[in-house]
Amino acid sequence: MVDGFGDVEKIWMNGKLINWQDAKIHVLSHGLHYGSGVFEGIRCYSTPKGSFVFRLTDHLKRLFRSAIPYKITIPYSLDEIKKAVFDTIKANKLDSCYIRPIAFYGYHSLGVGPGECPVECVIATWPWGAYLGEEAIANGIRCTFSSWVKIHPKMLPVGAKATGQYINSMLAGFDAKEKGFDEAILLDNDGYVAEGPGENIFLVNDGVIHTPSLVSALPGITRDSAIRIAEDLGYEVVVRNITRGEVLIADEIFLTGTAAEVTPVREIDGVVIGDGKRGPVTEAIQKKFFRVVNAEEEAYMDWLEPVE
Ligand SMILES: Cc1ncc(COP(=O)(O)O)c(C=O)c1O
């Protein structure tokens, strides 16, 4: 048994499956000091047709893209990482799990420039249920606008899922928890709605779905999935700047993310959203999403990559 991670035995590290307890790095590793790593969060779902990783290729493409601005050369091909993901899931005998690939500058020197620090590459898998809870999926969560502003795209490549960038998310999360809310929503520097600490955001008004552009938000794989599902269900999806005020008067709000899946928001800063419960459009998208990840929708099977 491993604290907080369940009963998991193996981690893939730099090309080998090793024992969980042996997956260690030096305290002077560059990534620890400067947040110089890139990572992914992926889910493997257990379905009646077997275990499938949801949009693994798309997640790994994003991993390799995230690495570009940070000049992190991942010393494996996308296909090698993909095989390593499957090997790790199988080695841990997991039917469903969360998957965390990470590549970061390791131990050599501690100049801010990574110099000759090697790029370490790790894949961990562990069991993980609903991130914000089953109750949240059904009844929605309570959010607050964070006083922390989303990282400005002139400061960091917002579209990269880099470890150091999550300090911003962590602060927003503290804000929410300390004020007694489930999750934060961050605005960008111009006051437009950006995203959650680990989720993209959507609003629904008069049956039309709106979501912010990717100027100040991560290109979420679940966001992309929700847009495709919504459009296939016949909804119009508009990508545009959204203000804080608009969010408060929306008929429905929902968040998307690998961890959060499709989670309704029922209240923001004491303002009840719509009827104060999961709205019909959110429910339709959520229902379809869960059917898709449960391998019940033939048309979306190309999003599911089997663990063989
Ligand atoms: C800041 C941020 N926004 C959005 C998302 C949602 O992205 P995805 O749906 O790919 O998990 C995540 C999670 O990875 C995130 O960390």
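In each ligand, atom 1 is the first atom listed, and ligand 1 is the first ligand listed.
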Are F202 and F254 close enough that their ring centres sit under 6.0 Å apart? yes
Hey, what polar pairs (N/O, under 3.5 Å) does ligand 1 make with protein?
from: ligand 1; atom 1: 3 (N); to: E195; atom 2: OE1; distance (Å): 2.6
from: ligand 1; atom 1: 9 (O); to: I221; atom 2: N; distance (Å): 3.3
from: ligand 1; atom 1: 9 (O); to: T222; atom 2: N; distance (Å): 2.9
from: ligand 1; atom 1: 9 (O); to: T222; atom 2: OG1; distance (Å): 2.5
from: ligand 1; atom 1: 10 (O); to: R62; atom 2: NH1; distance (Å): 2.8
from: ligand 1; atom 1: 10 (O); to: R62; atom 2: NH2; distance (Å): 3.0
from: ligand 1; atom 1: 10 (O); to: I221; atom 2: N; distance (Å): 2.7
from: ligand 1; atom 1: 11 (O); to: T258; atom 2: N; distance (Å): 2.8
from: ligand 1; atom 1: 11 (O); to: T258; atom 2: OG1; distance (Å): 2.6
from: ligand 1; atom 1: 14 (O); to: K161; atom 2: NZ; distance (Å): 2.7
from: ligand 1; atom 1: 16 (O); to: K161; atom 2: NZ; distance (Å): 3.2
from: ligand 1; atom 1: 16 (O); to: Y166; atom 2: OH; distance (Å): 2.4

Take V292 and I229 through the test side chain to side chain contact (heavy atoms under 4.5 Å, CB included) and record every step on the way to the result. CA-CA 9 Å; V292 168; I229 288 172; 4.2 Å; yes
Within-4.5 Å side-chain heavy-atom neighbours: T47 and F52: yes
What is the ring orientation for W126 with Y98, classed by angle as parallel under 30°, tilted 30 to 60°, or perpendicular over 60°? tilted
Can you list, by chain and residue number, the hydrophobic cluster partners of V239 when the side-chain cut-off is 4.5 Å? none
Do other residues, nucleotides or ligands put more than 12 heavy atoms under 6.0 Å from the NZ atom of K177? yes
